[in-house]
Amino acid sequence: ESCGGKRFKEEVLEVKVNDKSIFDVLEMSVDEAISFLPHPSGGQDGALQPLSDVGLGYIKLGQSSDTLSGGEAQRVKLASFLGKGGRRAGKILFIFDEPTTGLHFHDIKKLLISFNALIEQGHSIIVIEHNMDVIRSADWVIDLGPEAGDAGGELLFEGKPADLKKNKKSHTARYL
């Protein structure tokens with residue numbers, strides 16, 4: 001009751017940076033905080049930038065991790081890896097399960113740029129995805145179907161996305 005739902009004692013909330021308390025900062029989205037915080041403490045090209053780069057600029061700094069979707073949690077891990085300079089980690093195989101779920105098309109483009117950054121560092125990526133932009137940008141597609149569940153499980157196609165368009169059995173081909 002004494003904190004008014006802000007989770008901090010009054011004396012902590014009295015400390016301000018540019019008229020913002022710790023509560024105010026934690027209520028900012030990642031993108032807002034990048035603009036607010038000076039580099040290297042988190043602003044442009046700082047510790048928060050990888051979160052924005054993978055399409056998580058809308059997440060609040062104080063948001064609890066247990067409220068993130070599966071795709072958001074995957075992207076947080078990706079951002080953590082990119083932020084630590086994963087070049088020193090050796091070659092890694094990344095597997096992402098529908099990482100674009102809930103993303104705006106602009107954020108999907110950001111995610112694809114992050115994927116390409118990993119590939120340029122020598123890593124490999126497997127993505128289970130239904131988003132056509134992601135499928136189009138893949139080097140290699142494995143299309144299973146023709147339906148889901150018991151009506152699926154057949155290998156319909158494997159190869160380059162441009163060649164998938166010729167496959168008559170594939171629902172994916174129709175949407176490409």
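Tested against E27 for a side chain to side chain donor-acceptor pair (under 3.5 Å), the candidates K6, K20, K60 yield a single pass: K60. For the side chain to side chain contact (heavy atoms under 4.5 Å, CB included) criterion with E158, the lone passing option out of I142, L164, L144 is I142.
Side-chain contact between V54 and K110 is absent, with no heavy-atom pair separated by less than 4.5 Å. Residues L48 and L61 are in side-chain contact: their nearest non-hydrogen atoms beyond the backbone lie under 4.5 Å apart. Inter-residue side-chain proximity for F36 and V25 is flagged as met; some heavy-atom pair is nearer than 4.5 Å. Side-chain contact between L68 and V76 is present, with at least one heavy-atom pair separated by less than 4.5 Å. Using a 4.5 Å heavy-atom cutoff, the side chains of V134 and T100 are in contact. Between L26 and F8 the shortest side-chain heavy-atom distance falls below 4.5 Å. Between V141 and K160, the closest side-chain pair of non-hydrogen atoms is not below 4.5 Å. Residues F115 and P99 have side chains in contact (heavy-atom distance under 4.5 Å, counting atoms from C-beta outward).
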L56/V30 under side-chain contact (heavy atoms from CB on, under 4.5 Å): CA gap, chis, key distance, verdict: CA-CA 7 Å; L56 292 173; V30 167; 5.5 Å; no
Y175/I135 under side-chain contact (heavy atoms from CB on, under 4.5 Å): CA gap, chis, key distance, verdict: CA-CA 10 Å; Y175 289 100; I135 295 170; over 6 Å; no
side-chain contact (heavy atoms from CB on, under 4.5 Å) assessment of I22 paired with V12: CA-CA 8 Å; I22 185 68; V12 171; 3.9 Å; yes
Stepwise side-chain contact (heavy atoms from CB on, under 4.5 Å) test for L78 and L118: CA-CA 9 Å; L78 173 60; L118 288 175; 3.3 Å; yes
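A donor and an acceptor atom, one from each side chain of S64 and D66, are located under 3.5 Å apart. Inspection of the Y58 and E32 side chains reveals no N or O donor paired with an N or O acceptor under 3.5 Å. With hydrogens and angles left out, the side-chain atoms of E120 and N116 include no donor and acceptor closer than 3.5 Å.
Here the straight-line distance linking atom OG of S137 with atom NZ of K109 works out to 11.5 Å at 0.5 Å rounding. Atom-to-atom distance recorded for K166:NZ and F157:CZ is 8.5 Å, nearest 0.5 angstrom. To the nearest 0.5 Å, atom CG of residue L112 and atom CD1 of residue I119 are 9.5 Å apart. Considering CG of L82 and CD1 of I113, their distance stands at 12.0 Å, rounded to 0.5 Å.
Contact between R75 and L111 at its shortest, heavy atoms only, is CD-CD1, 3.8 Å. Residues P161 and A138 come closest through the heavy atom pair CG-O, 3.2 Å.
Summarising the local packing, NZ of K16 is surrounded by more than 12 heavy atoms from other residues, nucleotides or ligands at distances under 6.0 Å. Crowding of E11 atom CD: a count of heavy atoms from other residues, nucleotides or ligands under 6.0 Å exceeding 12.
Checked against side-chain hydrogen bond (donor to acceptor under 3.5 Å, both in side chains), S114 has no partners two or more places apart in sequence or in another chain.
Between F94 and H123, the angle of the ring planes goes over 60°, which puts this pair in the perpendicular group of the 30/60° scheme.
When atom types are taken as modelled, the side chain of R174 and the backbone of S170 share no donor-acceptor pair closer than 3.5 angstrom. Side-chain N or O atoms of S69 include one that pairs as donor or acceptor with a backbone N or O of E72 at under 3.5 Å. Although no hydrogens or angles enter the test, the distance criterion places a donor-acceptor pair under 3.5 Å between the side chain of T101 and the main chain of E98.
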List the atom pairs, with distances to 0.1 Å, where a side-chain N or O of residues 147-156 and a protein N or O form a donor-acceptor pair under 3.5 Å, not counting sequence neighbours.
unit_1, atom_1, unit_2, atom_2, d
E147, OE2, H171, NE2, 2.9

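Using a 4.0 Å cut-off between charged side-chain N and carboxylate O, R136 and D133 make a salt bridge.
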